Amino acid sequence: MTGYRMDDRVRRALAITPSSSASARTVDITTIGAKTGRERRIEIWFYRVDDEIYLTTQPASRSWYANLLKNPQFTFHLKNSVRADLPATAEPVLDRDARRRVFEAIVADLDQPRHRAYISQPVQSVEEWMDGSPLVRVSFPPV
């Protein structure tokens with residue numbers, strides 16, 4: 001989480017762990033449409049692996065990912081423990097070893113009983129996530 005000068009409340013909101021609740025990891029992101037050029041805001045979970053912030057979803061094609069590939073600058077909206085609109089940049093994670101490391105942590109995190117109310121368990125295998133899920137690393141540039 002290099003770059004953006006954050007106050008302590010924002011740092012704490014981003015410092016989720018595998019024991020964090022679903023609401024703690026729920027944010028909105030505003031992207032610029034790859035085809036339309038219009039702003040698109042969606043709700044999504046974020047993940048923290050090795051002190052880095054990531055966005056991903058269960059295996060499927062996602063418009064937000066296409067938007068970030070075309071326009072990597074976006075807004076990361078914290079909305080639960082603290083409200084903040086953070087300028088951010090998305091970097092696709094394409095290296096297979098890096099994807100495996102991140103997805104192993106995410107799948108292990110999601111395959112815990114506390115997530116049963118939100119996600120069918122067991123979640124798809126790491127291999128399925130690697131082959132079918134978008135994955136971006138989020139950085140917060142200085143403002």
Side-chain angles (χ1 to χ4, degrees), residues 1-95 97-124 126 128-143:
M1 294 186 314
T2 59
Y4 185 78
R5 293 185 189 136
M6 300 177 197
D7 67 32
D8 288 339
R9 295 176 326 136
V10 169
R11 283 186 202 283
R12 282 192 301 274
L14 292 173
I16 62 169
T17 68
S19 64
S20 295
S21 68
S23 65
R25 61 183 74 229
T26 303
V27 296
D28 286 352
I29 61 170
T30 299
T31 62
I32 302 299
K35 294 179 183 174
T36 66
R38 288 188 245 157
E39 288 188 350
R40 300 287 185 215
R41 186 169 177 153
I42 63 155
E43 185 174 81
I44 190 170
W45 280 13
F46 75 98
Y47 302 89
R48 185 179 170 125
V49 177
D50 296 335
D51 215 22
E52 297 278 352
I53 301 294
Y54 294 92
L55 297 176
T56 190
T57 57
Q58 292 179 321
S61 177
R62 305 292 180 178
S63 296
W64 63 263
Y65 183 65
N67 294 348
L68 290 174
L69 289 177
K70 174 126 183 175
N71 302 295
Q73 281 68 42
F74 70 105
T75 304
F76 189 97
H77 306 278
L78 293 172
K79 61 183 193 173
N80 291 306
S81 64
V82 63
R83 293 199 180 270
D85 299 326
L86 308 176
T89 302
E91 176 189 353
V93 179
L94 304 174
D95 176 80
D97 292 337
R99 288 174 64 81
R100 179 173 299 285
R101 179 184 55 77
V102 173
F103 282 135
E104 284 174 349
I106 290 171
V107 168
D109 181 0
L110 293 176
D111 257 342
Q112 295 187 42
R114 75 181 177 301
H115 291 310
R116 282 194 187 124
Y118 309 102
I119 297 173
S120 298
Q121 292 188 339
V123 297
Q124 293 95 331
V126 170
E128 290 176 272
W129 282 73
M130 287 185 56
D131 292 340
S133 292
L135 180 64
V136 297
R137 181 181 304 107
V138 177
S139 61
F140 301 100
V143 292

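Treat the numbers as computed from the prediction; the structure is a model and nothing was measured. For this chain, numbers begin at 1 and follow the sequence in order.
The two atoms that bring Val138 and Ala88 nearest to each other are CG1-CB, 3.8 Å, heavy atoms only. Annotation for Leu69 and Pro72: closest pair O-CD, 4.5 Å, computed over non-hydrogen atoms. Between Ala34 and Ala66, the shortest heavy-atom contact is CB-O, 3.7 Å. When every heavy atom of Leu14 is checked against every heavy atom of Ile53, the shortest pair comes out as O-CD1, 3.6 Å. Between Ser23 and Asn80, the closest heavy-atom pair is O-ND2, 2.5 Å. When all heavy atoms of Leu78 and Ala13 are compared, the pair lying nearest together is CD1-CB, 3.9 Å.
For Arg25 (side chain) and Thr17 (main-chain N/O), a donor-acceptor pair under 3.5 Å exists by modelled atom type. Judged by distance alone, with hydrogens and angles left aside, the side-chain atoms of Arg100 form no donor-acceptor pair with the main-chain N or O of Met130 at under 3.5 Å. Arg99 places a side-chain N or O within 3.5 Å of a backbone atom of Ser133 that can act as its donor or acceptor partner. For Thr30 (side chain) and Arg41 (main-chain N/O), no donor-acceptor pair under 3.5 Å exists by modelled atom type.
To the nearest 0.5 angstrom, Ile106 atom CD1 is 6.0 Å from Phe103 atom CZ. Within the model, atoms CZ of Phe76 and OG1 of Thr31 stand 13.5 Å from one another, a figure rounded to the nearest 0.5 Å. Separation of atoms CD (Glu91) and CG (Leu135) is listed at 10.0 Å; rounding is to 0.5 Å.
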How far apart are the C-alpha atoms of Phe46 and Ile29, what are their side-chain angles, what is the distance that settles it, and do they pass the side chain to side chain contact (heavy atoms under 4.5 Å, CB included) test?
CA-CA 10 Å; Phe46 75 98; Ile29 61 170; over 6 Å; no
Go through the steps to decide whether Asp85 and His77 satisfy the test side chain to side chain contact (heavy atoms under 4.5 Å, CB included), and finish with yes or no.
CA-CA 5 Å; Asp85 299 326; His77 306 278; 2.7 Å; yes
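Applying the salt bridge (charged side-chain N to carboxylate O under 4.0 Å, His left out) test to residues at least two apart or on different chains, the pairs with a partner in residues 66-84 are Asp28-Lys79, Glu43-Lys79.
Partner Phe74 forms a side chain to side chain contact (heavy atoms under 4.5 Å, CB included) with one of Leu86, Leu55, Thr89, Val136 and no other, that one being Leu55.
Residues Thr56 and Trp129 form a side-chain contact, since some pair of their non-hydrogen atoms from C-beta on lies under 4.5 Å apart. Asp131 places none of its side-chain heavy atoms less than 4.5 Å from the side chain of Pro59. By the 4.5 Å heavy-atom criterion applied to side chains, Ile32 and Asn67 are not counted as neighbours.
With sequence neighbours excluded, the residues forming a side chain to side chain contact (heavy atoms under 4.5 Å, CB included) with Asp50 are Arg101, listed by chain and number.
Residue Glu39 places its CD atom among 12 or fewer non-hydrogen atoms of other residues, nucleotides or ligands, all under 6.0 Å distant.
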